[in-house]
Amino acid sequence: MLEEEAVPQGIAEDLRPYSFQDVSSVASLMHLSDELNPGERGKTEIRVAGRAMLIRRQGRLIFASLVDSTGHIQLFASASETDKFDSFSQLSIGDWIGVTGVVMKTKRGEFSVAVREWTMLAENLRSFGDKWRGISDPDLRYRQRYVDLWVNPGVRETFQVRSKVVASIRRYLDGLGFMEVETPMLQTIPTGAMAEPFVTHHNALDLDLYLRIAPELFLKRLVVGGFEKVFEIGRVFRNEGISPRHNPEFTMLELYQAYVDYNDIMVLTESLVSHVVSEILGSTVVPYGSELLDFTPPWRRDTLENLVSEKLGEQISLEMDLGRLEGLLKEYDVEAKPDWGPGKKVVELYEKTTESTLIQPTFVLDFPTEVSPLARQHRDKANRVERFETFVAGRELANAFSELNDPKVQRERFEAQLAAREAGDAEAMVLDEDYLRSLEYGLPPTGGLGIGIDRLVMLLTNNQQIREVVLFPTMRPET
RNA sequence: GCGCCUCUAGCUCAAUGGCAGAGCAACGGACUCUUAAUCCGCAGGUUCUGGGUUCGAGUCCCAGGGGGCGCACCA
């Protein structure tokens, strides 16, 4: 393919260009189509670059499609006007080329670029799979995402949407005066959520460190430090099973705002999510699987106990007869562990029976204190905290509370978790002395929110699989 | 971690227990308006691995590996 150039002596053998400047995106050329009739050519020279993905050789004419990140356009090469025509006819699917020419319309009216000069930017030495069907084996698609992105329609768009979601969230929170921060991913105490951590080791300090399971306690320290509105968008790591809805590393948005409570955070959640949804999809009503999800505020609000009662057609509460509660657990096939109190039992019953039926955005309010070690006691209800989770399409999207800011109470909650841990619960929360010390300096009343970005992107791209919205999902190494 | 399903050419897929095949890609050729072009030709295999049953195994059985789904755990 390089027959026209000899290798100069004493110079790198790589004859490929090191740059190809001043290219127009394919999408930016499309408006020129209207001005041309079939057989007509534009007057100004343009340059495009991308991969040749379909090549149709027609003797002394060659049609190909050039694809870049913005779209695709037909290339039209002819023996009479295209430089290095013989080499052009030997292009492989997937070769990167840079093209100089003019826009045109073929006799059949297809908007194209007539190739005058062109240069090979990088060859594709491998197969892009079946020309029509590409690759579909999920294993191959995830391991070789760089191929998947080229051959499967929609994949590129999914990740473009993901990028826009994150950008939209940042813009929105910035507009509200929130400050974005970064807190440690390597932590000496993995806490802030109920999950098993990954362990690693720092050599110089000879110290085991954990990949964070949540940024929560560091962000609240920053509120103690005087940043009244902070947020972080970042990866967290949980050493748990992989499933269509779980990847060991995933992306969380957490935000904390001083002087507000969980009622205010509910309003913020609604407005943030509905804003992002409509900015990206142009509507607050979005198709998801066989459902139509309506993100238009206000969303349904009801307590966890009411929701599970409604579902089971029987009054469920933390204060209900314990024998009856245990009977229900049995009836719905929930295997209770001996250390579960009534709060945990009610929550498990709710998760088993009710969660998956909450399709439209729903705020589930007032969780039992027993399962919420970082949330503040409810101002009106004993044994419950001011906490909500948001459910959409049967899955948790957000988790939020009025933050517990009393250091004494927080210590008691940690100690209860410690007891659970000693009883064998590997995911019970770990006590963090420095965090307690920070609370002793005073955490103002604060509302906090966590949103799973991956799950939000799944909703906006109509994907049921987390791997479809994570560029490189966790997999076993190739054998 | 447990259960079920699956693995055949670079890709997508066929093949009653009886000669391992097709389409696309690749390679060689024809073709000046194609749109997954078409046509002719050629080549391509440790049927995931290792055992076993059988005259004979891609196919049946056992073990292992990769992947998928469900459960469990969680967000």
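Basis for what follows: all heavy atoms, side chains included, without hydrogens, waters or symmetry-related copies. We name chains A, B, ... by the order of the sequence lines, and we start the count at 1 in each one.
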Base, sugar-phosphate alone, or nothing: which one does Lys107(A) contact when heavy atoms must sit under 4.0 Å apart? base

So Ser78(A), base contact, sugar-phosphate only, or nothing? Heavy-atom distance under 4.0 Å. nothing

Regarding Lys352(A), tell me which of base, sugar-phosphate or nothing describes its non-hydrogen contacts under 4.0 Å with the strands shown. sugar-phosphate

Check every atom of A36(B), A75(B), C33(B) against the side chain of Trp132(A) and return the nucleotide holding the closest atom. A36(B)

For atom CZ of Arg384(A), is the number of surrounding heavy atoms from other residues, nucleotides or ligands below 6.0 Å larger than 12? yes

Quote, to the nearest angstrom, the P distance that separates C40(B) from U53(B). 48 Å

Describe the nucleic acid contact of Asp137(A) in one word from base, sugar-phosphate, nothing, applying a heavy-atom distance below 4.0 Å. sugar-phosphate

Is the charged tip of Arg156(A) near the ring of Trp150(A): under 6.0 Å from the six-membered ring centre and within 45° of its axis? yes

For Glu196(A), report the nucleic acid contact type (base, sugar-phosphate, nothing); a contact means any heavy atom under 4.0 Å. nothing

Which part of the nucleic acid does Gly134(A) contact within heavy-atom distance under 4.0 Å: base, sugar-phosphate only, or nothing? sugar-phosphate

Can you tell if the side chain of Val115(A) reaches within under 4.5 Å of the side chain of Phe76(A), non-hydrogen atoms only? no

Which pair of non-hydrogen atoms, one from Gln257(A) and one from Lys229(A), has the smallest distance, and what is that distance? NE2-CE, 3.4 Å

Quick one: which of C33(B), A75(B), U35(B) gets closest to the side chain of Glu240(A)? A75(B)

Can you tell me, in whole Å, how much space there is between the C1' of U6(B) and that of A75(B)? 29 Å

How many whole angstroms separate atom CG of Leu75(A) from atom P of U32(B)? 19 Å

Would you indicate which nucleotide in U35(B), U32(B), U12(B) comes nearest to any side-chain atom of Ile135(A)? U12(B)

Is His72(A) atom NE2 crowded by more than 12 heavy atoms from other residues, nucleotides or ligands, each under 6.0 Å away? no

Taking the nucleotide of RNA chain B with the closest heavy atom to each, which residue, Lys105(A) or Arg133(A), is nearer the 5' end? Arg133(A)

Go through the steps for Gln74(A) and Ser65(A) under the test side-chain hydrogen bond (donor to acceptor under 3.5 Å, both in side chains), then give the verdict. CA-CA 4 Å; Gln74(A) 177 166 273; Ser65(A) 33; over 6 Å; no

Is G3(B) paired to anything, Watson-Crick or G-U wobble with both distances less than 3.5 Å, and if yes, which nucleotide? C69(B)

What contact category does Gln465(A) fall into here, base, sugar-phosphate, or nothing, at under 4.0 angstrom with non-hydrogen atoms? sugar-phosphate

Complementary nucleotide for C33(B) - Watson-Crick or wobble, under 3.5 Å: none

Please give, in whole Å, the distance from U32(B) P to Met104(A) CE? 16 Å

Considering only atom P, compute the distance from A9(B) to G21(B) and round it to an integer number of Å. 14 Å

Select base, sugar-phosphate, or nothing to describe what Glu396(A) touches, counting heavy atoms under 4.0 Å on all strands. sugar-phosphate

Which nucleotide in U35(B), C31(B), A36(B) has an atom nearest any side-chain atom of Leu54(A): A36(B)

Could you tell me how far apart Gln464(A) (CD) and C69(B) (P) are, to the nearest whole angstrom? 12 Å

Side chain of Arg455(A) - closest among G68(B), A75(B), U12(B): A75(B)

What distance, rounded to whole Å, do you find between the two C1' atoms, one in U12(B) and one in G18(B)? 27 Å

Between Tyr262(A) and Phe401(A), does the ring centre distance come in under 6.0 Å? no

Whole-Å gap separating P (U35(B)) and CD (Glu110(A)): 11 Å

Against the side chain of Pro244(A), the closest entry in G70(B), U35(B), U32(B) is G70(B)

C1' spacing across the pair G1(B) / U59(B), given as an integer number of angstrom: 32 Å

Lys131(A), nearest nucleotide to its side chain (from G68(B), A75(B), A25(B)): A25(B)

Does G67(B) have OP1 or OP2 under 4.0 Å away from a side-chain N or O of Arg143(A)? yes

Check the geometry between Phe128(A) and A25(B) and answer yes if their rings are stacked (centres below 5.5 Å, planes below 30°), otherwise no. no

Just name whichever nucleotide pairs with A20(B), Watson-Crick or G-U, keeping both distances under 3.5 Å, else none. none

Can you tell me how far P of A75(B) sits from CD of Glu216(A), to the nearest Å? 11 Å

Could you work out which one of A72(B), G68(B), G10(B) sits closest to the side chain of Ser243(A)? A72(B)

Taking any heavy-atom pair under 4.0 Å as a contact, classify Arg467(A): base, sugar-phosphate, or nothing. sugar-phosphate

Check against side-chain hydrogen bond (donor to acceptor under 3.5 Å, both in side chains), Glu386(A) and Ser402(A): CA-CA 6 Å; Glu386(A) 294 196 355; Ser402(A) 300; 2.8 Å; yes

Side chain of Gln58(A) only, heavy atoms from C-beta on: which candidate in U35(B), U12(B), A37(B) is closest? A37(B)

Output the rounded distance in Å from CD1 (Ile242(A)) to C1' (G1(B)). 13 Å

Protein-nucleotide distance (Asn124(A), atom CG; G10(B), atom C1'), rounded to Å: 11 Å

Is the phosphate of U32(B) approached by Arg60(A) (side-chain N or O, under 4.0 Å from OP1 or OP2)? no

Which part of the nucleic acid does Ile451(A) contact within heavy-atom distance under 4.0 Å: base, sugar-phosphate only, or nothing? nothing

Spacing of Ile93(A) atom CD1 relative to U35(B) atom P, expressed in whole Å: 15 Å

How far does the C1' atom of A14(B) sit from the matching atom of C7(B), given to the nearest Å? 15 Å

Taking the six-membered ring for Trp, is the centroid-to-centroid distance between Tyr142(A) and Phe472(A) below 6.0 Å? no

Whom does A63(B) pair with, Watson-Crick or G-U wobble, provided both distances fall under 3.5 Å? U49(B)

Sugar-phosphate only, base, or nothing, as touched by Asp333(A) at under 4.0 Å among non-hydrogen atoms: nothing

Looking at A75(B), I'd like to know if its phosphate oxygens (OP1 or OP2) sit under 4.0 Å from a side-chain N or O belonging to Arg238(A). yes

C1' gap between G58(B) and U16(B), integer Å: 14 Å

Within 45° of the six-membered ring axis of Phe218(A) and under 6.0 Å from that ring's centre, is NZ or CZ of Arg221(A) located there? yes

What nucleic acid atoms does Arg57(A) come within less than 4.0 Å of, heavy atoms only: base, sugar-phosphate, or nothing? base

Please state whether the base of G23(B) and the side chain of Asp130(A) form at least one donor-acceptor pair under 3.5 Å? yes

Nearest to the Ser136(A) side chain among C13(B), G70(B), U35(B), which nucleotide is it? C13(B)

With both distances under 3.5 Å as the test, what is the Watson-Crick or G-U wobble partner of G28(B)? C40(B)

Whole-Å P distance, C60(B) and G17(B): 8 Å

